Amino acid sequence: MLPASLDEAVAALAAMPTAVPVAGGTDLMAAVNSGLLRPAGLVGLGRISEIRGWQYADGHALLGAGLTHARMGRPDFAALIPALAAAARAAGPPQIRNAGTLGGNIASAAPTGDALPVLAALEASVVLTGPNGSREVPVSHLLTGMDPLRPGELLAFVRAPLLHAPQVFLKATARTGPGRAMASVALVLDPARRGVRCAVGAVAPMPLRPLEAEQWVASLIDWDGARTLDPRVCTAFGDYVAMACIPDPVGDPADPAGQDAGALPPAVAHLRRTVAALARRALGRALS
Amino acid sequence: MSAVRGTSVGGDGTAGSDAATAIPTVVVPPAAVESQHGLGASLLPADAAAKTQGVFPYAADLWAEGLLWAAVLRSPHPHARIVSIDTTHAAEMPGVRAVITHTDVPGDAMHGRRVADRPVFAHDVVRHHGEPIAAVAADHPDTARLAAAAIIVEYEVLEPVTDPEKAFEAPPLHPDGNLIRHIPLRFGDPSAAGEVVVEGVYRVGRQDPAPIGAEAGLAVPRPDGGVELYVASTDPHADRDMAAACFGLETDRVKVVVTGVPGAMADREDPGFQLPLGLLALKTGHPVKLVATREESFLGHAHRHPALLRYRHHADAEGRLVKVEAQLLLDAGAYADASSDALAAAVAFAAGPYVVPHVFVEGWAVRTNNPPSGHVRGEGAMQVCAAYEGQMDKLAAKLGLDPAELRMRNVMATGDLLPTGQTVTCPAPVAELLGAVRDAELPPLPSAEDEAEWLLPGGPEGAGEPGAVRRGVGYALGMVHMLGAEGHDEVSTATVRVQGGTATVICSAVETGQGFATLARQIVQEVLGVEEVAVLPADTDQPPAGPSARGRHTWVSGGAVERAAKMVRTQLLQPLAAKFGMSVELLTIADGKITSYDGVLSTTVAETLQGKELWATAQCRPHPTEKLDETGQGDAFVGLAFAAIRAVVDVDIELGTVRVVDMAVAQDVGRVLNPRQVAARIEAGVTQGVGMALMEDLRTGRGAVKRPSLTGYALPTALDAPPVRIVKLVEERDVVAPFGAKAVSAVPVVVSPAAVAAAVRAATGRPVGRLPIRPQTAVARQG
């Protein structure tokens, strides 16, 4: 089915509840082709023009779920939400970016989804449209499963704040060419609320927010002045974020072997160093 | 290069070598070549346009009227006992035409490259993840897959043996035992010792050949009870013999037709689906086709041997090597395949292209429940190169010497002995190669102005920061043997036919993309002066030419084509020569014209032929080799090729990301027969080597392959593939090789991982003992 509007798509899903909505299909069709998924039907979202662009609404941007990574990577979009544009540009080879969509990135909710830490840092929310009308859910609630997608609902829009301040998305990959994130960090400044918001992707099933580190570093920034920080503060912030996201293993006091559990396995220790370096670099770039 | 063309015409097989002294060793950039055909020209492959336009037919494009689709059921467990196989449910599914298991194999139940130790279908025990258990033919590929999934196999899961070191003690995984081969090499005096000793442990991961096209094939039953297999085989005759034995048919009832080969860095085909295809075609009486999924491809075909290498190098105070001791352990996976050959190469080249008076190596290839290992370009030689070059860096650091200088003090030359006791009789210009890469200009460091343009490790949208990037320069030398070793009969046969103005080459050497078909055209152009040359596709109705591996076809099949072409030439010129009372050698053919040395006689080839057809068939068989004896001694190799590579890398020492900035290659090629092709082969080899060095490793967990996909298994992309600069091609002709040419594809694969590792070592100051290099080892020392 190829509905031309959101209403038609919702109706199509209601008529065939076992059908699976598909946008770019970069994850879904790979699963279908490898036999992992045999959907009874597909509802193609590619012809719904209302979700392929964006509009403005009271200091927010209402982003269509059908925005492709390629579209988000362009300079006009980058002027609006720079971190999301950077994540979209890093999201894969051009073939994937041309097809893969923002909504698909949220719906497949892969830990390595590049848009996810950015949306978490922006504290964006998603507009879900179903047979009983629309409702708005914070992205983090959706991703953590606190408020999941209900049957018959479609992910229609993403509401993201326009912050008019520097934003950074950094991603560490194992190769120079496009690759999945080993770890990623999104960091946005919110001068109006005098806040720094940071989210770490790919190290856990959903993006992690180091709230204490955010508050600590936000309290050090002179928001009305030059907004610069001592490099040592950036380094400390990086370590703070990394420790929060990858804590030391808690040794079981009853287990004598647990006493020396303080040493992380080398790969995890490296991941923590990577997160620390990314967070430090992200903060440094946001403030430079 | 036109002078070269003239001199090699009309001589015997070694005429090319006489001209060697007159030809300066120069790199011929493709653009500078004037000649459009013949040897030394950058002739384009005849199928180049079709391949780039996407109309070249590969095995997956085959079609036959009324064909059925096959699917293979593969084991999900790396080690299990099969309690029962129930195919009734699958066989009853609508659309299913046949379901076969081990009970449906009419001929030999076991097959294998060197030792028949691998069952066509597992029956009592499965020994690796993905081992074939049953196969289905159905009228639709989905039906076939569903039916294969509906086969009920009851397994009793067994503990897999995944650590090759534990294979010695483990209960036998196979009736043949867990030790596939042990070579103890003893060369020199075991009590010798040097003033400086360095030790190291090196690990090499499991590289997958990852051909661009996954395995595919079509089997067509013949009215005489035989079967034709249309597959992208790289060794059609060996595959035919194996198939015929398993089908219980005479070899003349099985024909293997080679289709377009979509990439072959290894034994291209996986018998795990070739044999079921043929069996299903025979059973159903219908053509049967199978196109493997990428996942099946990763599970089915052979990988590079993972290796654990322990080394101790002794040197004197000046850095001259005294003794090398090594223990080499190759993980063969469940079946022997080419492990014995890989081990021989690893043991023989364990010390590298260096003069070492005392060498003691223990080499083992053992059976495990890990994915199967087999022939992959540079097998054995690549793994040890990473280790001995790591040792050379360690030794240089300990002695406070420049790594290039230390290597220069130890390089091998013609006349030196290999640790196997074999004298290096071919050209071994190792010092010249090393000097060329050492003296090559270094790529510039980014300056302040173009810093924004600088491609940092991690890519254009990555997290790289110039302040954390360190540049490292590393050297590696390496060697590889050409042709099969240890007494394999490396014969090839070719036929050349001339009719009208065109010549045809009939040879079952498979064009895998390595360029043999182009080379065959060039050889015939050179000898017969006929511009239009066609190379017919290969099948097993022609005499065997052997596998497309180890640079064989440039040598043996190229040699056979040259001999056949010369025989045709003699047939063509003999009547003319007799008529004019001069010897054949005084006549030359060029551009379709025959002229005598004095220019008196001039006629065309077409006129001389007078509508006749001339045929000649010839063989080329290099000098015999011998098996390594119980102390690892013997003249096991026909020829050797060498290369030196200097790698320049940028490392983000906080994130551990690495980008290869530049690879400078100097290679011993004997003679450049097609400059464009040589450059392409070197670039391809270096890229494969960079993949091995930085990212390619097929991960397993308790013997099962994790993420067998091109997302899970990272390959170098265009951004990862470094600029490859060929700084020198040393053209010192190998007198025993046809045209004096050496194989070029394998050496860069062998040497480049070691060069990248050396450069990362230089950038980070940390030992790099594992390939691929993991990010956590490419960071600056902590603390």
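Computed from a predicted model, the values in this text were never measured in an experiment. Just so you know, these numbers use all the heavy atoms, side chains as well, and skip hydrogens, waters and symmetry mates. Below, chain A is the first sequence line, B the second, and so on; all start at residue 1.
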TODO: Give a yes or no on this: more than 12 heavy atoms of other residues, nucleotides or ligands lie within 6.0 Å of atom CZ of B:Arg471.
DONE: yes

Open item on the list: Check this for me, if you would: do B:Arg206 and B:Asp208 make a salt bridge, where the nitrogen-to-carboxylate-oxygen distance has to be below 4.0 angstrom?
Closed with: no

- [ ] Could you have a look at B:Gly467, B:Gly458, B:Ala149 and say which one has the most heavy-atom pairs with chain A under 4.5 angstrom?
- [x] B:Gly458

Open item on the list: Checking A:Leu229 against A:Ile221 for the side-chain contact (heavy atoms from CB on, under 4.5 Å) test, could you report, in this order, the C-alpha distance in whole Å, the side-chain angles of both residues, the deciding distance, and whether it holds?
Closed with: CA-CA 7 Å; A:Leu229 284 175; A:Ile221 294 174; 3.9 Å; yes

Task: From B:Asp650 atom CG to B:Arg470 atom CZ, the distance as rounded to the nearest 0.5 Å - done: 11.0 Å

TODO: Can you tell which part of A:Ala267 gets under 4.5 Å to a heavy atom of chain B, answering side chain, backbone, both or neither?
DONE: both

Task: Pick from B:Thr717, B:Leu694, B:Asp720, B:Leu719 with the largest number of heavy-atom pairs that fall under 4.5 Å of chain A - done: B:Asp720

Open item on the list: Only heavy atoms, only distances under 4.5 angstrom. Which residues in residues 162-182 of chain A are near chain B?
Closed with: A:Leu170, A:Lys171, A:Ala172, A:Thr173, A:Arg175, A:Thr176, A:Gly177, A:Pro178, A:Arg180, A:Met182

Open item on the list: Please rank B:Ala721, B:Pro457, B:Gly464 by heavy-atom pairs under 4.5 Å with chain A and give me the top one.
Closed with: B:Gly464

Open item on the list: Please output the residues of residues 232-245 of chain A in contact with chain B, using a heavy-atom cutoff of under 4.5 Å, in numerical order.
Closed with: none

Open item on the list: With a strict 4.5 Å heavy-atom criterion, list every residue of residues 708-715 of chain B that contacts chain A, or say none.
Closed with: B:Thr711, B:Ala714, B:Leu715

- [ ] Drop me the distance from B:Gln776's CD to B:Leu655's CG, to the nearest 0.5 angstrom.
- [x] 12.5 Å

TODO: Spell out the residues in residues 279-288 of chain A that have some non-hydrogen atom less than 4.5 Å away from a non-hydrogen atom of chain B, in order of number; otherwise answer 'none'.
DONE: A:Arg280, A:Arg281, A:Arg285

Open item on the list: Under 4.5 Å from any heavy atom of chain A, what part of B:Glu465 do you find: side chain, backbone, both or neither?
Closed with: both

Open item on the list: Under 4.5 Å from any heavy atom of chain A, what part of B:Val658 do you find: side chain, backbone, both or neither?
Closed with: backbone

Open item on the list: Quick check on B:Thr657 against chain A: is it the side chain, the backbone, both or neither that has a heavy atom closer than 4.5 Å?
Closed with: side chain

Task: B:Thr143 side chain vs B:Asp139 backbone, donor-acceptor pair below 3.5 Å - done: no

Task: Spacing of CG belonging to A:Asp114 relative to CZ belonging to A:Arg89, to within rounding of 0.5 Å - done: 12.5 Å

